[in-house]
Amino acid sequence: MTADEEYMTLCIELAKKAAEKGECPVGAIVVDKDGRIIGEGYNMREAEQMPTAHAEIIAIEQAAKAMNSWRLTECTLYVTLEPCPMCAGAIINSRIKRLVYGAFDEKGGACASLMEIFDYPFNHRPMVRSRVLQDECAKLLTEFFKDLRT
């Protein structure tokens with residue numbers, strides 16, 4: 001198992017916690033240049049009643065506190081689902097070096113599915129890797145929404 005797969009496995013565990021709480025199952029972690037997890041989160045929009053309580057935002061905010069800096073220039077963000085425009089903007093604004101995600105988001109993804117926000121001439125562009133444990137990440141979402149409908 002690669003390091004990316006190991007970190008994504010941790011994100012999947014966070015996503016499962018979200019699902020247990022009735023939240024959309026998305027998990028995220030931020031890892032520093034030494035491989036330490038310095039931020040983690042899962043969706044909490046329902047619990048917090050906050051539209052910005054996405055897994056990525058929570059993980060990025062924790063990482064910034066841990067680093068005592070908003071600049072996360074040597075960090076990697078791992079997330080089970082392709083980031084939305086808001087989270088992609090947070091990635092740009094926090095200067096995250098690398099983004100690794102699992103499943104594509106055909107309805108809200110801003111990194112490949114609906115648009116490729118990092119192709120715009122912003123002042124920062126992270127390296128991106130997708131499809132890491134894609135099937136496992138997608139299955140969490142499929143099962144969650146299937147259960148909601150029944």
Side-chain angles (χ1 to χ4, degrees), residues 1-46 51-64 66 71-149:
M1 184 175 279
T2 68
D4 284 351
E5 290 169 337
E6 289 179 22
Y7 289 124
M8 190 62 71
T9 299
L10 297 174
C11 290
I12 289 169
E13 293 306 312
L14 290 168
K16 288 177 182 176
K17 286 183 183 180
E20 289 169 6
K21 297 180 179 197
E23 301 279 355
C24 182
V26 178
I29 62 172
V30 177
V31 177
D32 72 8
K33 65 180 177 157
D34 298 319
R36 293 179 301 204
I37 296 171
I38 58 170
E40 66 178 42
Y42 53 83
N43 275 3
M44 296 186 65
R45 287 194 312 177
E46 298 300 329
T52 58
H54 286 204
E56 300 96 309
I57 300 294
I58 294 166
I60 289 169
E61 288 177 348
Q62 279 186 13
R71 292 177 184 89
L72 303 176
T73 56
E74 295 298 319
C75 297
T76 299
L77 171 67
Y78 292 87
V79 61
T80 55
L81 183 64
E82 176 185 0
C84 72
M86 174 184 68
C87 293
I91 291 165
I92 292 166
N93 284 305
S94 62
R95 311 295 195 269
I96 285 178
K97 182 176 187 174
R98 189 166 171 258
L99 165 66
V100 178
Y101 66 91
F104 290 95
D105 184 355
E106 300 299 329
K107 294 181 179 179
C111 305
S113 295
L114 292 178
M115 66 181 301
E116 294 187 17
I117 197 166
F118 302 132
D119 284 348
Y120 288 84
F122 290 105
N123 60 347
H124 177 71
R125 174 186 276 172
M127 293 179 281
V128 179
R129 180 175 181 209
S130 61
R131 296 183 175 99
V132 175
L133 302 182
Q134 178 179 3
D135 292 342
E136 294 92 326
C137 293
K139 184 179 177 185
L140 284 172
L141 291 154
T142 302
E143 289 177 358
F144 177 78
F145 288 110
K146 179 182 171 189
D147 290 347
L148 274 183
R149 288 189 292 274

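Looking only at distances, a side-chain donor or acceptor of Asp32 sits under 3.5 Å from a matching main-chain atom of Asp34. Remark: the backbone N or O of Tyr42 is not paired with any side-chain donor or acceptor of Glu23 at under 3.5 angstrom. Here the side chain of Arg95 pairs a donor or acceptor atom with the backbone of Asn93 at under 3.5 angstrom. The main-chain N or O of Ala55 is found under 3.5 Å from a side-chain atom of Asn43 such that the two form a donor-acceptor pair. Under a 3.5 Å cut-off, the side chain of His124 and the backbone N or O of Ser94 do not form any donor-acceptor pair.
Taken to the nearest 0.5 Å, the CG atom of Leu141 stands 8.5 Å off from the CZ atom of Phe144. One finds the CD atom of Glu46 at 13.5 Å from the NZ atom of Lys21 (value rounded to the nearest 0.5 Å). Rounding to the nearest 0.5 Å places CD1 of Ile91 at 9.0 Å from CD1 of Ile117. Taken to the nearest 0.5 Å, the CD1 atom of Ile29 stands 11.5 Å off from the SG atom of Cys75. Of the inter-residue distances, the one linking Ser113 atom OG with Glu82 atom CD reads 3.5 Å to the nearest 0.5 angstrom. Rounding to the nearest 0.5 angstrom, the gap separating the OH atom in Tyr78 from the CZ atom in Arg98 is 5.0 Å.
By the salt bridge (Lys or Arg N to Asp or Glu O under 4.0 Å) test, Arg129 is found to be paired with Asp4, residues two or more places apart in sequence or in another chain being considered. Phe104 meets the ring pair (Phe, Tyr, Trp, His ring centres under 6.0 Å) test with Tyr101; sequence neighbours excluded.
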Can I get a per-line list of side-chain donor-acceptor pairs under 3.5 Å for residues 6-14, giving both atom names and the distance, sequence neighbours left out?
| from | atom 1 | to | atom 2 | distance (Å) |
| --- | --- | --- | --- | --- |
| Tyr7 | OH | Gly35 | O | 2.8 |
| Thr9 | OG1 | Glu5 | O | 2.8 |
| Glu13 | OE2 | Lys16 | NZ | 3.4 |

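Listed here is the closest heavy atom pair of Ala19 and Pro25: CB-CB, 3.9 Å. When every heavy atom of Glu56 is checked against every heavy atom of Pro83, the shortest pair comes out as OE2-CA, 3.5 Å. In terms of heavy-atom proximity, Ala110 sits nearest to Ala88 at CB-CB, 4.3 Å. Across all non-hydrogen atoms, the minimal contact from Ala28 to Ala59 is O-CB, 3.9 Å.
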Exercise. Kindly determine whether Leu99 and Val79 satisfy side chain to side chain contact (heavy atoms under 4.5 Å, CB included), including the steps that lead there.
Key: CA-CA 8 Å; Leu99 165 66; Val79 61; 4.0 Å; yes
Determine whether Arg125 and Asp119 satisfy the following criterion, side chain to side chain contact (heavy atoms under 4.5 Å, CB included), listing intermediate values before the conclusion. CA-CA 8 Å; Arg125 174 186 276 172; Asp119 284 348; 3.9 Å; yes
Side chain to side chain contact (heavy atoms under 4.5 Å, CB included) between Thr80 and Leu133, intermediate numbers included: CA-CA 8 Å; Thr80 55; Leu133 302 182; over 6 Å; no
Step-by-step side chain to side chain contact (heavy atoms under 4.5 Å, CB included) determination, Met86 to Thr52
CA-CA 8 Å; Met86 174 184 68; Thr52 58; 3.6 Å; yes
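Side-chain contact between Ile92 and Asn123 is present, with heavy atoms from C-beta onward closer than 4.5 Å.
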